[in-house]
Amino acid sequence: MMGIQERATFGAISPSKGSDTARRFLRGSGPLLGLVILLGLFQTASGGVFLSPAMMGATTAFISGLGVVAIGVTMLMICGEFDLSVSQSFVFPAITMGALITRTDTPVYLAFMIAMGVAILIGLINGLVTVYFKVDSFIVTLAMLLILTSLTLTVATTNPPNILDVSSPLLDALGGTFLGTSIKAPFIWLLLIGAIMTLILTGSRFGSWTRASGVRGGQSALAMGVPVKSVKIVNFCLCSGLSGFSGIALVADIGLARPDFGQNFNLLAIVAAVIGGVSLFGGRGSVPGAVVGACVLGVLSTGLIVTGVDQQFYIGIVGLVLLIAAYINIRLEGRETGE
Amino acid sequence: MQGLLIIVLAELRRIPGPNGCPVNHGRTLAGLVAAIIGVALVFNFLSSGKFIAESTALSVTNLAGPLGIIALGVTVLMIAGEFDLSVAATFVTAPVVAGLVMEDYGIDPVPALLLGLSCALILGFINGVLVVATGIPSFIVTLATLFVIQMFLRILLPQFSVEWNSESGLKDFLGGKLDIIPVAKSFAWLILLGLLLWFLMNHSRVGNWVYATGSRRGRPARAMGVPTRATKIGCFALCALLAGLAGIVQFADYGLISLTSGSDDNLMAIVATVIGGTSLFGGRGTVLGTLLGATLLSMFNIGLILSGVQGNWYFSLVGLLLLIAAIVNSRSQTRWRRGTATPDEERQTMVTAGST
């Protein structure tokens, strides 16, 4: 996003607008409150069918895919950068893994390592170009998105890799069911990754560095000796690494690696992050918020189907939710409008 | 004629931007023209002589026309410091509205097209007001409106596509190819609009306002009394209007518009703009560069097909081109920021600073 580094965040909060406690409560629990209301709404509208295990299974599959991507995107947005290429760093490593397993008889473990390496390499390139050539990350990752689109289509060919018959403990751990229960492994991964990233963001030095790098283009952080460039590059790697992992988990679950998986995830992940309360100007955001944001999108998606609303409305409602969430975020930050 | 020559020469000289940054449109444009010639020669070699031909000229201009017209609006908006991701939907909205009222109510093409264009204009106006009034970054606002417009389009057009069946002179006037040279009419419209906008941007007060609004987030401009908010809203409206116009030109050309028409055009228009040398940070850019950028993109598209390369690789090439263009743009700007510009550029900077 243009000018994201130039925006100043500190000192803009004016105490006159609303009480601080209410603001803090809304920022922390607002998204969750919205999710609960949404769940209640669909539960009553569908006559109690919505919260059944079968329905929840479909919803969590979507949420776990998008949620992990949204966590990475949130981290990146907190440090003041963007990644539009996540939809491709979601699907390309997964397809690479599928192709390696089915076409070259590579052991599953090795294929997984290579695919994760590819995912992290994508972020490394994004980060290096953004930081050292001083090109806006919007453009760098847009270019990466285009380049990876070609590569994905080329690797996938007209006959996408099918790993349904491949049995491996690694694939079970990534995409099977959790310890014999009906909960899918990707959802457990989402919770695990969410917990770890929350700890990193709120309780570690790297987390503070990430937040500091997003304020005023990281200039204050730089003056305080924070390695802003490295922090940004690591976050780019984290973002594409998490998307890659999420894609691999999905393919391990479904058994097919199709090039159209995760097609709109680059935009939807930003929507999820914004619903979760990430600042559009960097410096502030929350990992659990991003997960809740992904949940809102997932619940909306299946909820509309269950209640019989035309599927066409989904995209429009997502747009409206994005607009409202962005507006609430800005108001909560107490920013002067139009500035 | 002589006046025109003077204007062209003035454009090719180093023109300092309003923010004091020396803008070398001449160098950018010359580089793009060289790139276009070079790419044409390379593709001609790769396709064993099939690229430099009448049919190729027609198909390249056919692609470049609508894309370029969208990109012109995106460029003006980007110079004013904002983005519009919803152009892909606006592009479809205008012809869909026009086509539906023509088909369902038998309204004449002229009022139908005007209705379509006003819809586009209103959408742009809404974008602009939302961005200016809420302070949400335009990237987010237009992403949201893109989604909402797409929803309305799907409700409006369950049959997915609409045709322009009624024969009228207007259809031949807007679409098809020129009589004398093998160039699509949409491309002629692009050149016409490009020249018009170039004149507006470089030789009118409104053009100055647009550049000033995008420079340093419009702070100096506001201090000088430039109506930056109105300028921004106007740019959003212009951008949407041009996107709608592009859609209508393509509608007249193909006689059909579907919901997936131009679905990548919001990103491709940004690519054409950046390749044309417009700064992502606003305040710098030229519509003529965008015109050439769109042409270059379309040449890649057709050239790869003629050379027998798999169509997938088009995206890769565009991505690389975008990256190179962005790096070149960014380097020239960083050089200026660091104060290591050439003495000539420094002088120009001082001249501008003194004159404002």
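Nothing here was measured: the structure is a model prediction, and the numbers come from that model.
Heavy atoms only, all atoms of each residue included: B:P137 and A:I330 are closest at CD-CD1, 4.4 Å. A:L146 and B:F315 get closest at one heavy-atom pair: O-CB, 3.1 Å. In terms of heavy atoms, B:F147 sits closest to A:G319 at CB-CA, 3.8 Å. Closest non-hydrogen pair, B:M151 versus A:I317, comes out as SD-N, 4.4 Å. Closest approach of A:A326 and B:I136 over heavy atoms only: CB-CG2, 3.7 Å. Residues A:S150 and B:N312 share a closest heavy-atom pair of OG-O, 2.5 Å.
The shortest side-chain heavy-atom distance between B:L323 and A:F133 does not fall under the 4.5 Å cut-off. A 4.5 Å side-chain heavy-atom check between A:L323 and B:I140 finds every atom pair outside the cut-off.
Both the backbone and the side chain of B:V141 come within less than 4.5 Å of a heavy atom of chain A. Using a 4.5 Å cut-off between heavy atoms, B:L153 does not touch chain A at all. No part of B:I149 comes within reach of chain A, as not one of its non-hydrogen atoms sits under 4.5 angstrom from that chain. Neither the backbone nor the side chain of A:V321 comes within less than 4.5 Å of any heavy atom in chain B. At a 4.5 Å heavy-atom cutoff, A:L148 makes no contact with chain B through either its backbone or its side chain.
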- Please lay out, stage by stage, how A:L153 and B:Q310 fare under the test side-chain contact (heavy atoms from CB on, under 4.5 Å). CA-CA 10 Å; A:L153 289 173; B:Q310 246 193 326; over 6 Å; no

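Across A:L151, A:I139, A:T149, the residue that shares the most heavy-atom pairs under 4.5 angstrom with chain B is A:I139. The choice from A:L142, A:V274, A:V129 that makes the most heavy-atom pairs within less than 4.5 Å of chain B is A:L142. Among A:L267, A:D310, A:L320, the residue with the largest count of heavy-atom pairs under 4.5 Å with chain B is A:L267.
To the nearest 0.5 Å, atoms CD1 (A:I147) and CG (B:L317) are separated by 9.0 Å. Separating the CG atom in B:L320 from the CE atom in A:M144 is a distance of 9.5 Å, to the nearest 0.5 Å.
Proximity of a side-chain donor or acceptor of B:T134 to a complementary backbone N or O of A:Y327 within less than 3.5 Å is not detected.
Below 30°, between 30° and 60°, or above 60°: for A:F138 and B:F83 the angle between ring planes is between 30° and 60°, a tilted geometry.
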